[in-house]
Q: 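Take a look at this one; I'll ask things after.
Only heavy atoms go into these numbers, but all of them, side chains included; no hydrogens, no water, no symmetry mates. Residue numbers begin at 1 in each chain, while the letters A, B, ... track the order of the sequences.
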Amino acid sequence: MIIESLLISFGAETRTYQTGEMIFREEELPSHYYQIEKGKIKLNNYTMDGKEFIQNIFSDGHSFGESLLFVDRPYPMNAVAIEDSVIYKMPKQNFLDLIKNNPEISLSIYECLAERMYYKYIMLYNLSFQNPVAKLKLLMDYLKSYHEDKTPYSFQIPLTRQQLASLTGLCVETVIRTIKQMEKDQIVKIEKRKIYY
DNA sequence: ACATTAATGTGCA
DNA sequence: TGCACATTAATGT
């Protein structure tokens, strides 16, 4: 979200992470601003019985965990690379200086945070009440909202069924069965195991 | 090409 | 649902 040259002039450095590598973990104190140059990361938690819950998944150009830089609290989740990724890392203080001196950047951070909250509101409501079809549909609607082409089946869901399950709190089998049902109902199309919506 | 692992599918309690 | 197990795709050697 912040342009590269600005990041660098404010002391950001790039670092590569391999698939599966942790960028930060629960309980740690936030010390940096992170922005993805290339790759994909997820924010997750594990329930006491070991089940994963994915808060969100981010890819190229997105920042993550920046809201925690404004509060003096430890991270409530882990950040894990799910692809080999290159990530800009800028010390917290530099980040704060940067937004203090740049109203433009500051505004874009607000927008970004607002966007995240929007997603959270939708998902929270969604997760607590809806049936599996509604949950998956809402999640896919959200994902597709970033896709220019709005025609049916034009958007390939960039997530595995496993990940869909972890994002919605459903179990994999349910996701698999539900997606199949949705295909019958013409809501999605499946080709070579890929989901088109 | 073959072995291994992750992801997907299916049947059944 | 959740578990066990079959099938298929992806990845490593």
Q: Starting at atom CD1 of A:Ile190, determine the distance to atom C1' of B:dT8, rounded to an integer number of angstrom.
A: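 One finds 10 Å between C1' of B:dT8 and CD1 of A:Ile190, rounded.
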Q: Kindly state each residue pair satisfying salt bridge (charged side-chain N to carboxylate O under 4.0 Å, His left out) with at least one member in residues 96-112 of chain A, sequence neighbours excluded.
A: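 Passing the test, one end in residues 96-112 of chain A: no pairs.
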Q: How does each nucleotide of nucleotides 5-13 of chain C score, in 5' to 3' order, for protein heavy atoms under 4.0 Å: base (B), sugar-phosphate only (S), or none (-)?
A: ---BS----
Q: Provide, to the nearest angstrom, the distance between the NZ atom belonging to A:Lys135 and the C1' atom belonging to C:dT1.
A: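 Interatomic distance, NZ of A:Lys135 to C1' of C:dT1: 12 Å.
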Q: Taking only residues two or more places apart in sequence, or in another chain, which ones meet A:Tyr121 in a ring pair (Phe, Tyr, Trp, His ring centres under 6.0 Å)?
A: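 Ring pair (Phe, Tyr, Trp, His ring centres under 6.0 Å) list for A:Tyr121, sorted by chain: empty.
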Q: Please figure out whether A:Gln162 or A:Arg177 has its closest DNA chain B nucleotide nearer the 5' end.
A: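 Its nucleotide being nearer the 5' end, the pick is A:Gln162.
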Q: For A:Glu183 and B:dT8, give me the distance from atom CD to atom C1', rounded to whole Å.
A: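 The distance from CD of A:Glu183 to C1' of B:dT8 comes to 14 Å, rounded to the nearest Å.
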Q: Check this for me: does any side-chain nitrogen of one of A:Arg116 and A:Glu66 sit under 4.0 Å from a carboxylate oxygen of the other?
A: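 A:Glu66 and A:Arg116: salt-bridged.
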Q: With no hydrogens and no angle check, just 3.5 Å: does a side-chain donor-acceptor pair link A:Lys120 and A:Gln55?
A: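 Yes, side-chain donor-acceptor contact under 3.5 Å.
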Q: Grouping I, L, V, M, F, W and Y whenever their side-chain heavy atoms are under 4.5 Å apart, do A:Tyr33 and A:Tyr88 come out in a common cluster?
A: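 Yes, it is one cluster - the side chains of A:Tyr33 and A:Tyr88 are joined through contacts under 4.5 Å.
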Q: May I ask you to check whether A:Phe64 and A:Tyr34 place their ring centres under 6.0 Å from each other?
A: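 For A:Tyr34 and A:Phe64, the ring centres are under 6.0 Å apart.
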